[in-house]
Amino acid sequence: MNEKQKMINLAVIAHVDAGKSTLVDAFLRQSDVFRAGEEVVDCVMDSNDLERERGITIYSKNCSITHDGVKINIVDTPGHADFSSEVERIIKTVDTVILLVDSSEGPMPQTRFVLSKALELGLKPILLINKIDKKDARPNEVVDEVYELFLELNATDEQLDFPILYGIAREGIVQYDLDTPSNNIEPLFKTILKHTPCYPDKDEEALQVQISALAYDNFIGRLGIGRVYSGILKEGMSVAICDDEGHVRNKAISQLFVYQGLKRVAVKEAHSGDIVVIAGIADISIGETLCMPDQILPMPSIKIEEPTLSMNFIVNKSPFAGQSGKYVTSRNLKERLEKELEVNVGLKVEATDSADCFKVSGRGELHISILLENMRREGYEVAVSKPEVILHKDEKGHTVEPVEEVIALSPSTYSGTIIAKLNLRKGVMVDMDDDGSYCKITYHVPTRGLLGYRSEFINDTRGEGTLVCRLIGYEEYKGEIPQRTNGAMISTDTGSAMTYALWNLQERGTLFISPQTEVYEGMIIGVSARNVDMDVNPLKNKKLTAIRSSGNDEAMRLTPPKIMTLEEALEFINDDELVEITPDTIRLRKKGLTPQERRQYYREKMNAEELK
């Protein structure tokens, strides 16, 4: 791209599952990005294996299209609250946002968060009411709700004058109003070009490029991704890298790329307004500014909200440690966490008193569990403790804790159970809307009270409910909140579990293992029906004798075991338990494997509480 091209950068923002990635698919398909006959998967931007498996966007990603001579850089952002740090740092690089809202659900908690970040930066959104083909669609009411949300977020008069479009992103349709049919997204293209001014020509000004994301290439190493705010960036040029604290170092750019469609394309120079990928600076970090060596002009650093949740990552020391993992030492664990910090700005890692343990803090359970899932797929073994909410002190020295707004959508039949459970968890009801068949309940609940509740909610609503949360601030500490009410079944021996033993044990609770599963002493093999832990022997087999029995043996039919996902395991454990994560399995265990070690743990815990 040798001559200056008109340019607009936009981000697609929305609550999870509102159709962001599907809309980006429509942008790409209707811009001739794919060659004729090319097989294209749905949600093509969700290229990560975990994103495809879970059906959610985890990482912000870039692509570009050209329409009517204007290059449009598009950023697909995550919708889940746990990945909001991805949204916070990307939103600075765009000129406008397309706010997607489901025509049935209306604005959800994460809609408020991403919209507030856009409005703070003075962006003027375009509203797209998606999924207007739903049976329970109520687009006119949803538009009114969005107006109310804008007013609550103190939008300016200019921001309140936003264009409204309607569409079905899955079918690649956007229309100006509900009565004007369309068969493509041309109305959206025209609205973007009419509503958003192209980035001004700042090529003659001093160079400023701020890094908002990082990537890694096996051939050329670490890559910095950012926007050229002013000046022209050229391949091979020497630049000064600075931050807002006054640190400066000089480096040279080895290669320069821009986005064309889904691909990175090498270029000799990039102009103001464009999103670029820079290679050759091995220590480049998010938030740093690239300037000319004789004109140091650092940009304000990218502010990210503080983590709310922490858990300990511990070197796996179980009897089965090292059987399937390649990376099992504290050095391996430390290097992997340091590598993650380079690209995951919402994460925080701290050393502890033990060299084998690291305290990892993040924005939520899903944020940290995605890291753990990636680590196990890479061959790491690690044990993790129960998630703990990060408490703070206010100006008066009082302890405060994070509180979340919870919206529970479910059939009305289950509303009584949901209300009872959230009340027990120190929740306060804010609103309830019941139309007879479906119920929408809004609560304010301490983050501590939500730990372990999601799986309960799914069971209580028979899988028909939806639970969404967002952090709304900090309030005074709410006191003790009940933990898991059921005890654990703890193995007293090491070996292969037997059918006979499990057949007898299944009457006393729910099992997590099947026959021939290898177990060890101190491993949790199930959840007890009672509220106390039970020491059990899953290795016990039926004694055989030479005397024939007078009747036929009863067939030993086992109930299928409950297979824990990583998130369910993290929600399930108590303070004295760990989740052991390896490439091929997820196990639950007590911190103390023997009864003596467990008694010692309880004594130390009681003494610590008395000292408080």
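Numbering starts at 1 and runs along the sequence shown.
Side chains of Leu165 and Leu127 form no contact here, defined as non-hydrogen atoms less than 4.5 Å apart. Residues Cys63 and Leu28 are in side-chain contact: their nearest non-hydrogen atoms beyond the backbone lie under 4.5 Å apart. For the pair Leu115 and Leu99, the minimum side-chain heavy-atom distance is below 4.5 Å. Side-chain contact between Asn73 and Asp274 is present, with at least one heavy-atom pair separated by less than 4.5 Å. Using a 4.5 Å heavy-atom cutoff, the side chains of Val258 and Lys71 are in contact. Contact check for Ile472 versus His444: side-chain heavy atoms found under the 4.5 Å cut-off. At least one side-chain heavy atom of Ile418 sits under 4.5 Å from a side-chain heavy atom of Tyr453. Counting heavy atoms from C-beta on, the side chains of Ile419 and Met429 come closer than 4.5 Å.
Counting only distance, with no hydrogens or angles, the side chain of Ser415 and the backbone of Cys439 share no donor-acceptor pair below 3.5 Å. Ser182 places a side-chain N or O within donor-acceptor distance of the main-chain N or O of Val174, the cut-off being under 3.5 Å. The closest donor-acceptor contact from the side chain of Arg227 to the backbone of Thr93 lies under 3.5 Å. Between the side chain of Asn9 and the backbone N or O of Gly273 there is at least one donor-acceptor pair closer than 3.5 Å. Glu577 places no side-chain N or O within 3.5 Å of a backbone atom of Leu588 that could act as its donor or acceptor partner. The main-chain N or O of Thr308 is never found under 3.5 Å from a side-chain atom of Arg363 such that the two would form a donor-acceptor pair. The backbone N or O of Glu568 lies less than 3.5 Å from a partner atom in the side chain of Thr565, making a donor-acceptor pair. A donor-acceptor pair is defined here as one N or O able to donate and one able to accept, closer than 3.5 Å; such a pair exists between the side chain of Gln159 and the backbone of Leu119. The closest donor-acceptor contact from the side chain of Arg454 to the backbone of Leu451 lies at 3.5 Å or more, if one exists at all. Listed for the Glu388 side chain is no donor-acceptor partner under 3.5 Å among the backbone atoms of Leu309.
There is no side-chain donor-acceptor pair under 3.5 Å between Ser528 and Asn486. One side chain, Tyr443 or Asn423, offers a donor N or O that lies under 3.5 Å from an acceptor on the other. With no hydrogens or angles considered, no side-chain donor-acceptor pair links Asn130 and Asp102 at under 3.5 Å. For Ser412 and Asp434, the side-chain atoms include at least one donor-acceptor pair closer than 3.5 Å.
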>> Run Ile275 and Tyr259 through side chain to side chain contact (heavy atoms under 4.5 Å, CB included) and show every step you take.
In response: CA-CA 7 Å; Ile275 292 177; Tyr259 288 98; 4.2 Å; yes
> Going through the distances and angles, do Glu567 and Ser369 end up as a side-chain hydrogen bond (donor to acceptor under 3.5 Å, both in side chains)?
Replying inline: CA-CA 6 Å; Glu567 283 84 12; Ser369 68; 2.7 Å; yes
>> Go through it in stages, so that I can follow the logic: the residues are Thr559 and Leu511, the test is side chain to side chain contact (heavy atoms under 4.5 Å, CB included), and I'd like the CA-CA distance, side-chain angles, deciding distance and then a yes or no.
In response: CA-CA 8 Å; Thr559 305; Leu511 295 173; over 6 Å; no
>> Could you walk me through whether Cys469 and Leu450 satisfy the side chain to side chain contact (heavy atoms under 4.5 Å, CB included) test, starting with their C-alpha distance in whole Å, then the side-chain angles of each, then the deciding distance to 0.1 Å, before giving a yes or no?
In response: CA-CA 9 Å; Cys469 317; Leu450 293 174; 4.0 Å; yes
>> Between Tyr166 and Tyr176, does the ring-ring contact (aromatic ring centres under 6.0 Å, His included) criterion hold? Intermediate values first, please.
In response: CA-CA 6 Å; Tyr166 304 86; Tyr176 289 112; over 10 Å; no
>> If you apply the rule side-chain hydrogen bond (donor to acceptor under 3.5 Å, both in side chains), what do you find for Thr22 with Asp25, and how did you get there?
In response: CA-CA 5 Å; Thr22 314; Asp25 282 356; 5.5 Å; no
>> I'd like to know whether Leu422 forms a side chain to side chain contact (heavy atoms under 4.5 Å, CB included) with Val428, so could you lay out the CA-CA distance, the side-chain angles of the two residues, the decisive distance to 0.1 Å, and finally the verdict.
In response: CA-CA 8 Å; Leu422 290 176; Val428 177; over 6 Å; no
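From Ile129, atom CD1 reaches atom CG of Leu100 across 8.5 Å, with rounding to the nearest 0.5 Å. Between Ile563 atom CD1 and Ile513 atom CD1 the span is 10.0 Å, to the nearest 0.5 Å. The distance from atom CD of Glu571 to atom CG of Leu566, rounded to the nearest 0.5 Å, is 10.5 Å. Rounded to the nearest 0.5 Å, atoms NZ (Lys131) and CD1 (Ile168) are 11.5 Å apart. In this structure, OG1 in Thr447 is found 10.0 Å from CD in Glu365, a value given to the nearest 0.5 Å. In this structure, CD1 in Ile126 is found 7.5 Å from CG in Leu10, a value given to the nearest 0.5 Å.
Within a 6.0 Å sphere centred on NZ of Lys190, other residues, nucleotides and ligands contribute 12 heavy atoms or fewer.
Residues forming a ring pair (Phe, Tyr, Trp, His ring centres under 6.0 Å) with His392 (at least two apart in sequence, or on another chain): Tyr474. Residues forming a side chain to side chain donor-acceptor pair (under 3.5 Å) with Lys348 (at least two apart in sequence, or on another chain): none. Here Glu120 pairs with nothing under the salt bridge (charged side-chain N to carboxylate O under 4.0 Å, His left out) rule; sequence neighbours left out. A search for salt bridge (charged side-chain N to carboxylate O under 4.0 Å, His left out) contacts involving Glu404 returns nothing, not counting sequence neighbours. Among residues two or more places apart in sequence or in another chain, the salt bridge (charged side-chain N to carboxylate O under 4.0 Å, His left out) test is passed with Lys478 by Glu475.
Heavy-atom minimum distance, Thr196 versus Thr96: OG1-CG2, 3.4 Å. Between Tyr414 and Glu464, the closest heavy-atom pair is OH-OE2, 3.5 Å. The shortest non-hydrogen separation linking Thr180 to Gln175 is O-CB, 3.0 Å. Minimum heavy-atom separation, Ala118 to Ile13: CB-CD1, 4.5 Å. In terms of heavy-atom proximity, Val406 sits nearest to Val445 at CG2-CG2, 3.9 Å. Closest approach of Ser103 and Val142 over heavy atoms only: O-CG2, 3.4 Å.
Salt-bridge annotation for Asp584 and Arg376: absent, with no side-chain N of the basic residue lying under 4.0 Å from a carboxylate O of the acidic one. Here Lys386 does not pair with Asp575 in a salt bridge; the nearest charged N to carboxylate O distance is not below 4.0 Å. Note on Asp460 versus Lys421: salt bridge recorded, some NZ/NE/NH1/NH2 to OD/OE distance being below 4.0 Å.
Within the structure, every pair that satisfies the salt bridge (Lys or Arg N to Asp or Glu O under 4.0 Å) test and touches residues 143-164, not counting sequence neighbours, is listed here: Arg112-Glu152, Lys124-Glu158, Arg138-Glu145.
Below 30°, between 30° and 60°, or above 60°: for Phe27 and Phe189 the angle between ring planes is above 60°, a perpendicular geometry.
When ring centroids are compared, Phe512 and Phe572 come within the 6.0 Å threshold.
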